[in-house]
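The structure appears below as structure tokens.
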Amino acid sequence: MSPEGLLPKGSKFTSITGDGMKIGVIGTGIVGRSHAAKLALLGHEVVMGTRNVETTLGVHERDMMGNPPLKEWLQGHPMVKLESFHEAALHGELIINATRGEHTLEALRNSGERNLEGKVIIDISNPLDFSEGALPSLLVANTDSLGEEIQRAFPNAKVVKTLNTINARLQVDPDALMSGDHDVFLSGNDAGAKQRVTEILRSYGWKNVVDLGDISTARGAEMMLPMWVRLMGVLQTPLFNFKIVR
Ligand SMILES: NC(=O)c1ccc[n+]([C@@H]2O[C@H](COP(=O)([O-])OP(=O)(O)OC[C@H]3O[C@@H](n4cnc5c(N)ncnc54)[C@H](OP(=O)(O)O)[C@@H]3O)[C@@H](O)[C@H]2O)c1
């Protein structure tokens, strides 16, 4: 996708605050890359975090989904810097968690508790368990969620769960799906943090932001994943989304 294709029609190359924010993206998969590219395009200063920079840059093959090795991707996105989880979290005034759900808590611990203190963490992860095959179950559900686990592990951070029910490409470009008139959910305990995240979502082009309530409502958003995965099987594409009709 061209960088221009990531911008909603009519959007400006300015950030929500007018100045670029410092953002730490924890995670180098397709979700981390999509947000890093979009946020850099919107004028933010983005550092992406990985476990080990040398190891990550030493990968020369495409991944299972056909995505290019990160070294090649970074050459096409010179505005994005790659550092360790710790350095990326230190850099960010706002943090995006885009790590594999089963390792999210470990990745955030490695980011440094002090580096997360007082900061908004946009949590996009899903607690998917692939141990029984390609159709995942959830590692945590019903009475708890990964969003809540993160909030408990880092009580001084402001966790906002969002976008986890949407494919990475659509997360940062909702207009790629017809009119963009479809819904994104939001859960979190802090009203100010949710407002900041809503502004970022709007800068991506999201119009319908549904605030589900406190972070315990992340249970519902995460439990949509078994449905999402099955819909992808039926529709034969990840480019779809939920829309609430009243
Ligand atoms: N793919 C989508 O469209 C989509 C949509 C909605 C939500 N999500 C959720 O978003 C998150 C990211 O998804 P993704 O597809 O971009 O990539 P992913 O493969 O699920 O996660 C990649 C990241 O996880 C880190 N990681 C893997 N194993 C680790 C370990 N043992 N310890 C610490 N960190 C580890 C990797 O670190 P390194 O950088 O060191 O390799 C990498 O940064 C997931 O939770 C996923 O469920 C994905």
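As the structure lists them, so they are numbered: ligands from 1, and atoms in each ligand from 1.
Considering backbone and side-chain N/O of Thr165, none are found under 3.5 Å from N/O of ligand 1. Between Phe85 and ligand 1, not a single N/O pair is under 3.5 Å apart.
Ligand 1 places these atoms under 4.0 Å from at least one heavy atom of Gly29: 16 (O), 17 (O). Atoms of ligand 1 lying under 4.0 Å from any heavy atom of Gly27, numbered from 1 in the order shown and given with element: 43 (O). Within the listing of ligand 1, atoms 11 (C), 12 (C), 23 (C) sit less than 4.0 angstrom from a heavy atom of Ala98. Each of the atoms 5 (C), 6 (C) of ligand 1 lies under 4.0 Å from some heavy atom of Ile166. Proximity to Asn167 (heavy-atom distance under 4.0 Å) selects the following atoms of ligand 1: 3 (O). Atoms of ligand 1 lying under 4.0 Å from any heavy atom of Gly101, numbered from 1 in the order shown and given with element: 45 (O).
Below 30°, between 30° and 60°, or above 60°: for Trp206 and His182 the angle between ring planes is above 60°, a perpendicular geometry.
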*Can you check side-chain contact (heavy atoms from CB on, under 4.5 Å) on Leu201 and Leu163, steps first, answer last?*
CA-CA 9 Å; Leu201 292 172; Leu163 293 168; 3.7 Å; yes
*Checking side-chain contact (heavy atoms from CB on, under 4.5 Å) for the pair Glu102/Leu128: CA distance, chi angles, key distance, verdict?*
CA-CA 7 Å; Glu102 64 186 303; Leu128 300 181; over 6 Å; no
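At a 4.0 Å heavy-atom cut-off, ligand 1 touches Gln171 through the side chain alone.
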